[in-house]
Enquirer: 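Let me begin by handing over the structure; questions about it come next.
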There are 4 protein chains.
Amino acid sequence: MPDPTQRGNGINRGPAAAAANRRAILAAARSLFAERGYHVPLNAIARRAGVGQGVLYRHFPTRLDLALTVFDENFNELEAIAASGDSATFEHLWRRLVDLTIEVSAFIEMAVDARGRLAAYDGTQRLRELLTEPLGAAHEAGLVPASLTVDEVLLTLRMVYGVVTTSPADRVREHVSGSLRLVGWTPDERAPR
Amino acid sequence: MPDPTQRGNGINRGPAAAAANRRAILAAARSLFAERGYHVPLNAIARRAGVGQGVLYRHFPTRLDLALTVFDENFNELEAIAASGDSATFEHLWRRLVDLTIEVSAFIEMAVDARGRLAAYDGTQRLRELLTEPLGAAHEAGLVPASLTVDEVLLTLRMVYGVVTTSPADRVREHVSGSLRLVGWTPDERAPR
Amino acid sequence: MPDPTQRGNGINRGPAAAAANRRAILAAARSLFAERGYHVPLNAIARRAGVGQGVLYRHFPTRLDLALTVFDENFNELEAIAASGDSATFEHLWRRLVDLTIEVSAFIEMAVDARGRLAAYDGTQRLRELLTEPLGAAHEAGLVPASLTVDEVLLTLRMVYGVVTTSPADRVREHVSGSLRLVGWTPDERAPR
Amino acid sequence: MPDPTQRGNGINRGPAAAAANRRAILAAARSLFAERGYHVPLNAIARRAGVGQGVLYRHFPTRLDLALTVFDENFNELEAIAASGDSATFEHLWRRLVDLTIEVSAFIEMAVDARGRLAAYDGTQRLRELLTEPLGAAHEAGLVPASLTVDEVLLTLRMVYGVVTTSPADRVREHVSGSLRLVGWTPDERAPR
DNA sequence: TATGAATGAGGCTTCATTCAT
DNA sequence: TATGAATGAAGCCTCATTCAT
């Protein structure tokens, strides 16, 4: 009788393993997207996950499905931060968004890919929703200017993407700080304009 | 007797075609980079240019050589603008830079590719040089704030890249305008901050 | 429903075919190396084996891997002969070595290729080992001069290679006989010197 | 008015240059065969010779024609040695033959190529002729055993080829010496059997 | 249901050969 | 007659995707 906690041993372990496989695939994809970019071969992901090629296709029919799910998990994390609900939440969220942007440059490649294929996808909607309440709280606490909108926050994030992608690897954070200063965010205080 | 004005008809048109071929390849590459991105198959470029695979390799041994030449032409155009030398030059330059950024998003992908392979390549140096004098003139004419530096202009451009790349094709210009407003440039007047 | 005994019909025959495919590839490689030399196109091998290009790469990532495996099988056969253990074994071995040399001139080309890439590979070591005992037995039985060493046997073999490679196909055996006479081996008796 | 001693300057210098071009091609081919083997790209030869591709084809329609001509020059040199006519001539010839064998391993590759395509070519005939007289002189002077025939000398040479081709580059001469000892030639004295 | 081998299209690159000038 | 660019076939290799077991 096979050990269900053991994966990738070539034994069909039945439906019970499906959830574990899914998690393993997502973890593998996350790390490989970060290491080798969005276009990393799918079989490398399957290999690192310890599953067969077929399983990967069962769970995620296209590369885009896989990538969207990986990045969805980031949204889950961000939503958890947003739910904490004090006035510093917005700052935490922003900090985490910038870090994710720096870490996962694969996201931008996915976005390019998705633009052509997934007209319906507007990943920003979810971001918009999770930012609304924390930004309101920050407004009330006087931590950000009253005029700052959610859309401007998102736009700034996309500007950060541009800077991240075009910076030499060893100067990314320095350039990001410079660009945030340009829009009037002093990175130390994270107090916009 | 073959018609020498006809391209891509499978006939060896002889060395006289070399210059025309080179131009045809560059034009094909320019349009395909814009349409399909930096990683468009090289044989698609050769096909659109109406030349054999080998000709493309003779003129441009690597994809990077080809891309650098294409973008070099952009620099040439920008330098021509810069040379005109009146106080509105900076505005013209900036407008053209933003347009190029919107049109040729392949440039960003090339930059990523070049980063790994062409340590010596710093495309921004050339940009920096051609901007210096026009920005000085704009300073003197009071058209831009005295504090605005060339590096800030370049950084802004990279932020624009980020917005371009992550925007749905039909809303690119709208988003770019929004982001320029964010950094205090009102796109209508091009009067920064 | 596809006929699983039929090869190369464009149908995915599943993993069960792996072992059969491997054998088919090796057989195809063996015959094509003999017919067309070491540098025969790999896709010709895949075609004769009735498999896709990718399968060949899965089993043998490089041409050298494939060739080494093919020739390994020759070593296996020789070692089986060597294991039989009577005093005539050396004669059998030698006869087979000469025949293999004549049949598989691709071996020499592979050796040239391997020299540059596989510093660790010393194919002769395995030959040396399998010859040692049979030569000793032949010494004891007085079938070969006491002074004949394993290295001399190997050197003679390489001289035979030279003659094989430079002889017109229809006179190979005649020339080999002549050259063995030169070193004092009368091919009829196989009684060296 | 072009300088006829100057080659590869892109100017059509008329028929007078034909002989110089031919010599340049042969010299380039000789060095490149030695450096990179028989299958060196033909355009590399044309480039080193400083001529266009077309000229190479005019003079030598096939790779084999070129190679045969290159090696013919070796025969010319050997015939010059043979013509000197004293009793040590055979020894000089033999020494030069072994050296050529070691230097020009491209010859063996050409031989493999020629086997399939040039049934009529028996390069050995010319060798045989130039060796006959010197070997006779050596016989008369008692420098070689009376039984040694020209064909045996040629066969030995081909055995040397085999050893050369299969030896690690840094041990070629050592192995050749060993093999000559095997056939009873002590390399120091060059006194066969 | 999971495995992982097989398929084969597609992209890259190299040359032998041709041919306009 | 010489040049050297153009052609395009051919080989190499890499995956995305399928499917027998």
Side-chain angles (χ1 to χ4, degrees), chain A residues 7-18 21 39-44 46-47 50-58 61-63, chain B residues 1-2 4 8-19 21-22 39-44 46 51-59 61-63, chain C residues 1-2 4 8-19 21-22 39-44 46 50-59 61-63, chain D residues 7-18 21 39-44 46-47 50-59 61-63:
Chain A
R7 273 203 342 287
N9 52 7
I11 289 171
N12 181 338
R13 298 177 318 290
N21 279 345
H39 290 286
V40 64
L42 294 178
N43 66 11
R47 202 177 321 117
V51 302
Q53 300 267 91
V55 175
L56 193 150
Y57 276 86
R58 167 177 304 275
T62 72
R63 178 185 297 273
Chain B
M1 176 175 165
N9 52 8
I11 289 171
N12 182 340
R13 295 187 313 289
N21 279 343
R22 193 172 200 275
H39 291 287
V40 63
L42 294 177
N43 63 12
V51 302
Q53 291 272 98
V55 176
L56 195 148
Y57 278 87
R58 166 182 292 273
H59 287 291
T62 72
R63 178 186 299 275
Chain C
M1 177 176 165
N9 50 10
I11 289 170
N12 182 342
R13 295 186 313 288
N21 278 344
R22 192 171 200 278
H39 291 285
V40 63
L42 293 178
N43 64 11
V51 302
Q53 291 271 95
V55 176
L56 194 148
Y57 279 87
R58 167 183 293 274
H59 287 291
T62 71
R63 180 186 296 277
Chain D
R7 271 203 342 285
N9 52 8
I11 291 169
N12 182 339
R13 295 177 320 288
N21 279 345
H39 291 285
V40 65
L42 293 179
N43 64 11
R47 202 177 322 120
V51 303
Q53 299 269 91
V55 175
L56 193 149
Y57 277 86
R58 166 177 305 275
H59 287 291
T62 73
R63 179 184 296 273

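Chain letters run A, B, ... following the sequence lines, proteins first and then strands; every chain starts at 1.
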Enquirer: Using the closest heavy atom to pick a nucleotide of DNA chain F for each, name whichever of Gly54(D) or Asn43(C) lands nearer the 5' end.
Expert: Gly54(D)
Enquirer: Between C1' on dG11(E) and NE2 on His39(A), what's the gap in Å once rounded to a whole number?
Expert: 15 Å
Enquirer: Of all heavy-atom pairs between Gly52(D) and Ala46(D), which one has the smallest distance, and what is that distance?
Expert: O-CB, 4.1 Å
Enquirer: Starting at the 5' end of DNA chain F, which residue's closest nucleotide do you reach first, His59(B) or Pro61(A)?
Expert: His59(B)
Enquirer: Please round to the nearest 0.5 Å and tell me the distance separating atom CG of Asn43(B) and atom CD of Gln53(B).
Expert: 5.0 Å
Enquirer: Which one, dA2(F), dC13(F), dC12(E), comes nearest to the side chain of Asn21(D)?
Expert: dA2(F)
Enquirer: Without decimals, in angstroms, what is the distance between Tyr57(D) OH and dC19(E) P?
Expert: 13 Å
Enquirer: Is there a donor and acceptor pair closer than 3.5 Å between the side chain of Gln53(B) and the base of dT13(E)?
Expert: yes
Enquirer: What nucleotide, of dT18(F), dA2(F), dT14(F), holds the atom closest to the side chain of Arg58(D)?
Expert: dA2(F)
Enquirer: I want to verify a distance call: between dT7(E), dT3(F), dA5(E), whose nearest atom is closest to the Val51(C) side chain?
Expert: dT7(E)
Enquirer: What is the separation between atom CG on Leu56(A) and atom P on dC15(F), rounded to the nearest whole Å?
Expert: 15 Å
Enquirer: Of all heavy-atom pairs between Arg63(B) and Val40(B), which one has the smallest distance, and what is that distance?
Expert: NH1-O, 2.7 Å
Enquirer: Arg22(C) side chain N/O closer than 4.0 Å to the phosphate oxygens (OP1, OP2) of dA5(E)?
Expert: no
Enquirer: Name the pairing partner of dT14(F), where a pair is Watson-Crick or G-U wobble with both distances under 3.5 Å, or state none.
Expert: dA9(E)
Enquirer: So which atom in Asn21(A) and which in Val51(A) form the shortest heavy-atom distance, rounded to 0.1 Å?
Expert: OD1-CG1, 3.4 Å
Enquirer: Nearest to the side chain of Leu42(B), which nucleotide is it out of dA6(F), dG11(F), dT13(E)?
Expert: dT13(E)
Enquirer: Give none if dA20(F) has no partner; otherwise give the nucleotide forming a Watson-Crick or G-U wobble pair with it, both distances under 3.5 Å.
Expert: dT3(E)
Enquirer: Looking at the side chain of Val55(A), which of dC13(F), dG11(F), dT3(E) is the nearest nucleotide?
Expert: dT3(E)
